[in-house]
Structure formats: C-alpha cells, structure tokens
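One structure is given here, and the rest of the page talks about it.
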Amino acid sequence: MKGLLLKDLLLLKNQKRILPLFLFVLIWMVMLGSASFAIPFLSMMAVVLAQSSFSYDEIDHSDSFLFTLPFSGRTYVLEKYLFSLLCVLSVEVLAVILIAVGSFFAPQFFSLQEGLEYVIAFLPICILLTAFALPMRIRFTGEQSRFIYMALYGVIALLFIVLRKLVPQEAAEKLLAAITSVPVVVYAVGIPLLIILLLLLSYRLSCRWLKAKEY
Amino acid sequence: MLKCTNIRKSYPGFTLDCSFTVPSGRISGLIGANGAGKSTAFKAILGLVRRDSGTLSLFGEEKEALSEEDKRRLGVVLADAGYNPYLTVEDTILIQKAFYPAFREDFFRQKCQELDLPLQKLIKDFSTGMKAKLRVLCAVSHDADLLILDEPTAGLDVLARDQILDLLRDFMAEKEERSVLISSHISADLETLCDDFYMIDRGKIFFHEETDRLLSEYGILKVTEEELQQLDLRYIRRKRKESWGYSLLCDQKRYYFENCPGITIEKAGIDELIMMMLKGEEI
C-alpha cells in the first residue's frame, strides 16, 4: 500500500502544471464576486486529477510490470480509493486555507463560512463521483470511461428537463418543502452512512473487475 | 524452485501449452522466435494472464495465484515494461524500499553509478540500453530467490549486454540456491549463461537440453545425397535439404568424427539447433 501511494504521489509531481490553473480559477472566481464558487470547480478537478493515476499506470504497459510487484489486487483497488479521497480532501483543504487567508485581507471577496458550506456540500458529491468513476476506470479504458461519463451527464440533464416539464410547479415546491423539513440530524447521519455503503459497493465491484483484467 | 505442468492459455489462433522446470541453483533459458509464446508463458507464471489449466509450483508449493510474499521473492524483468517512465531512478528507490524490506539501497546506488544511470533523470528520457540495465538492476537488488527475465537484453549493443550478463552472474554467485528463468532470442547470451534451455514454438516446448551437452555433443553434418544413403542415422535428429546436399543435426558428433572421417562436421550452437529443429525434417 505504501509503495503504491508513494508511486501515485511521485507521479503527481508531473501534474504540477495544474497549480497555476488552480490559482487562476480562484482569482477568476474572486473577480466574479465570491472565491467560494471556486470550490465546486476545484473539487471536480481533484476527482479528475485522481483518475489520471490510472492513465499513468497504463503508459508504456507499465501496469503489467506494476502487477508483478508485491501487492494484491485488493490492495491496488484500496489504494486508488485512498489516493482519490486524498486528492479531493487536499484540494478542498487547500481551497479553504486560501479562502481563510483571503477573508482576513479582503473580506469583501472571501467568506470563510460560505467556503465551508461549499466544502460540506461538495465533499459528498465528489466522494460519490469517485465511487462511480473508479470501478468504471478499472473496467474500461480511459477513452471508454470518458464516453460513459458524457453519456451519464447527458442522461441526468435530460432527466432534469423531462422532470421539469412533467412535474407540476406545485408538486415540486411541495417536494422541496418536504426535503427541507427533514431534521438536519437525519442528513448528518444518513448521508455519511449512504456514502459509506456506496463506497463499499463500489470497492467490491472494482475488486471484481480488476480480478477479471489481464495484462 | 519453479515447476510448470501443462500450463495452458488459449487465445484465438494461439494456444500455450507447456511444461518446464527451473531447479534450485540453475539458470534455465527459454528460447523461441517472436510470437512463439515466451512472453505468454512468463505472464502465465506471474499471474498477469489467467491460466486456463495446468499447475504452477513455486518455492516448493503449488500455487493458484502468487501471494505478496511470493512476489517479494521474485525479481522480474518484462520485455516491454518496467517502472513508469515518468518516474526517476531516485523515485524508484523510494518505491522499492517501500515494497521490498530486503532492498539493498547502497548496492543499487553503487551499481547505478557503475552503469551510468542518472538518478534524477526521468526514465522516459533514458536510452534503450539504460532502461534495460535499470530493469535488471531493480530485479537483482532485493535479494530475490528467483529471477524471471523476459528478453532482458533485447535491442542492446554488445557492451550493454555484457554489463547485464555480469549483473546476472554476480547475482547467481552471491547465493548458490538462487535460480533464473530467462528468455532471449540472442543465442550467444544464453550459451554463455544458461545451464539448460527449453525451446518453444507455437506455444509448445519441443526441445530441452543441457547447454554443456549441446555445445560438446551436438553437431551439424554436411553430407551429399550419396553420403546420406550410406550414413548410420542412429544419432541424427533432423535433416534439412540444402542446394549442395543435406545438413544433418546429430546429438553424438564424436561418433561421426570417429566413424565417418571424410564428412564435414560443424559445431551446433543454439542458432543452428533452432534452425534445424524448426526447419528440418525428422529422420
């Protein structure tokens, strides 16, 4: 596990050109009025960044050599989950630190409270995306995975459009009211439990698909 | 050390079905043309492809799949893959230390210096020879018991090949119970290194011999049609039609030296053996 994590972190050095982009997004959002808007974008970037470790593993067939090193398939899968979560968390923590520093010097552009709200909202979304993306990336090639993501985003967008047309405004408002009336504690407990459950399912699927792979 | 019994793996148009043994303290070679099944055999041993059937015995135990501990006792070189090209040698040191408790960092650094392998350069910027040297060096640096080397000298000049073969000789000299399974299509490398070798073609092992016996007892007889008619064919394994007559592969050249003084008998090396075994007819 340690060796695999080290390998992915060392390969991450090659992605250092992404740092200026990170700062650019932050500055751009500041100019648009709120630095906190950068968090959703940067979180998604972190998910994509973590996925790139698979592409690195496949360069010049280095994955066939990698799998001769002393680790099991389960360890490889577990490391990918840890690495992905580490990327997402690091980016969000970094964003919050920058917003906290910014809020000290320019509170009109940076709001720490707003930043934290975004982090709380987007962390579960990023984890869910990771839980979906990792087994896909293990099962399919990078190209195929990108096609699946695009198709999925298309289906979700289509679903929203259809629902908006089909569900009457009154019913939608009622549903929203029902959602907001649920005590916070239900979300505080239910969402982490749901995420853990989905992560476990995703992990099992990843292990099964990895076992079927040949190099 | 390693015993493969009827290891079978089928692809459309190709089936690997082979058995061979690498005893403790020995260097065994696997020889064959491109596409003969050498790499598939290595991958089947290493679990990189699933075996359809057959048994694998490693370090004295039958294995369905290799455990982490088994892999720790192996040093592996694959023909077309190594550490990620976007890592530096310094990076691989950190990774190898994490994977192998027995990794010998001082030895590795010293050898990098001797072999002119820069520590801070990305592997992707290495020459073919530097990459090959690094792969073999990584395989011999963690006190492995068995090396599995697929074409470790492919595409290298004579100096680089010699450095790699020296690394392997030193590795074997350190502990006498260590073993090596090596494939190569450069027969000269195998003749000087291997104790015995297997020949593979179309996924099947068709010949196994001790290197010493091959070099001392096998020979190629050059005969005319008339000489062939009168020749004792007891020790002839293959014949091949040539423009001037026949080439005959024999496994007791001394017999023909003593009994057929007029016949030209040439040394049979691995290359000649491959040609005769694959292109020649059975007697």
Side-chain angles (χ1 to χ4, degrees), chain A residues 1-19 48-80 82-83 86-87 137-139 141-142 207-215, chain B residues 9 11 39-40 42-52 65-103 122-124 126 131 134-135 138-139 142 144 146-150:
Chain A
M1 173 72 84
K2 189 180 160 197
L4 286 169
L5 260 178
L6 253 174
K7 183 252 320 161
D8 280 340
L9 289 171
L10 289 165
L11 286 169
L12 205 58
K13 279 191 308 190
N14 295 297
Q15 304 262 30
K16 52 182 178 274
R17 62 183 179 277
I18 210 162
L19 269 177
V48 174
L49 192 71
Q51 296 290 303
S52 71
S53 74
F54 283 100
S55 304
Y56 271 103
D57 284 350
E58 288 162 3
I59 291 174
D60 286 353
H61 312 289
S62 52
D63 51 353
S64 55
F65 173 74
L66 183 69
F67 277 87
T68 69
L69 298 178
F71 61 83
S72 65
R74 283 177 179 273
T75 307
Y76 178 80
V77 172
L78 190 61
E79 186 273 340
K80 287 296 179 200
L82 279 181
F83 178 69
L86 198 67
C87 283
R137 192 60 185 81
I138 286 172
R139 176 70 180 80
T141 63
C207 287
R208 183 183 294 183
W209 279 347
L210 185 77
K211 211 174 168 186
K213 268 184 116 173
E214 294 193 333
Y215 299 92
Chain B
K9 174 72 186 173
Y11 295 107
S39 294
T40 307
F42 279 69
K43 286 183 176 183
I45 294 168
L46 294 166
L48 296 174
V49 297
R50 278 183 307 284
R51 301 190 296 272
D52 298 336
L66 302 188
S67 67
E68 287 181 42
E69 186 49 36
D70 294 331
K71 289 181 178 179
R72 227 168 253 132
R73 295 175 66 187
L74 292 177
V76 178
V77 172
L78 297 181
D80 57 353
Y83 276 104
N84 191 293
Y86 285 88
L87 294 170
T88 64
V89 174
E90 195 70 60
D91 293 338
T92 71
I93 292 176
L94 293 172
I95 294 169
Q96 289 179 89
K97 273 162 71 176
F99 276 124
Y100 299 102
F103 176 67
L122 289 176
I123 296 170
K124 77 180 177 71
F126 279 18
K131 283 179 192 168
L134 177 64
R135 285 175 193 171
C138 289
H142 57 265
L146 171 65
L147 297 187
I148 295 183
L149 313 173
D150 188 11

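The sequence lines fix the lettering, A, B, ..., with proteins before strands; numbering per chain opens at 1. No experiment lies behind these values; they were computed from the predicted model shown.
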| said: Minimum heavy-atom separation for A/Ile138 and A/Val77, please, with both atom names. | reply: CD1-CG2, 4.1 Å
| said: Can you classify the ring geometry of A/Tyr76 versus A/Phe54 as parallel (below 30°), tilted (30 to 60°) or perpendicular (above 60°)? | reply: perpendicular
| Which atoms of A/Lys13 come close to chain B, meaning under 4.5 Å heavy atom to heavy atom: side chain ones, backbone ones, both, or neither? | side chain
| What part of A/Ile59 gets closer than 4.5 Å to chain B, counting heavy atoms only: side chain, backbone, both or neither? | both
| query | For B/Leu94, is it the side chain, the backbone, both or neither that has a heavy atom under 4.5 Å from a heavy atom of chain A? | reply | both
| message | If I measure from the heavy atoms of chain B, does A/Asp60 come under 4.5 Å with its side chain, its backbone, both, or neither? | response | both
| task | Just give me the residue among B/Val77, B/Leu87, B/Leu46, B/Asp70 that pairs up with chain A most often, heavy atom to heavy atom, under 4.5 Å. | result | B/Leu87
| said: Between A/Thr68 (side chain only) and B/Val76 (backbone N and O only), is there a donor and an acceptor less than 3.5 Å apart? | reply: no
| field | Top contributor to chain B interface from A/Leu4, A/Leu6, A/Leu11 [non-hydrogen pairs under 4.5 Å] | value | A/Leu11
| query | Are the aromatic rings of B/Phe103 and B/Phe99 close, with centres under 6.0 Å apart? | reply | no
| request: State plainly whether the residues B/Glu68 and B/Lys71 are in salt-bridge range, i.e. N to O under 4.0 Å. | output: no
| remark: Under 4.5 Å to a heavy atom of chain A? For B/Tyr83 that would be both
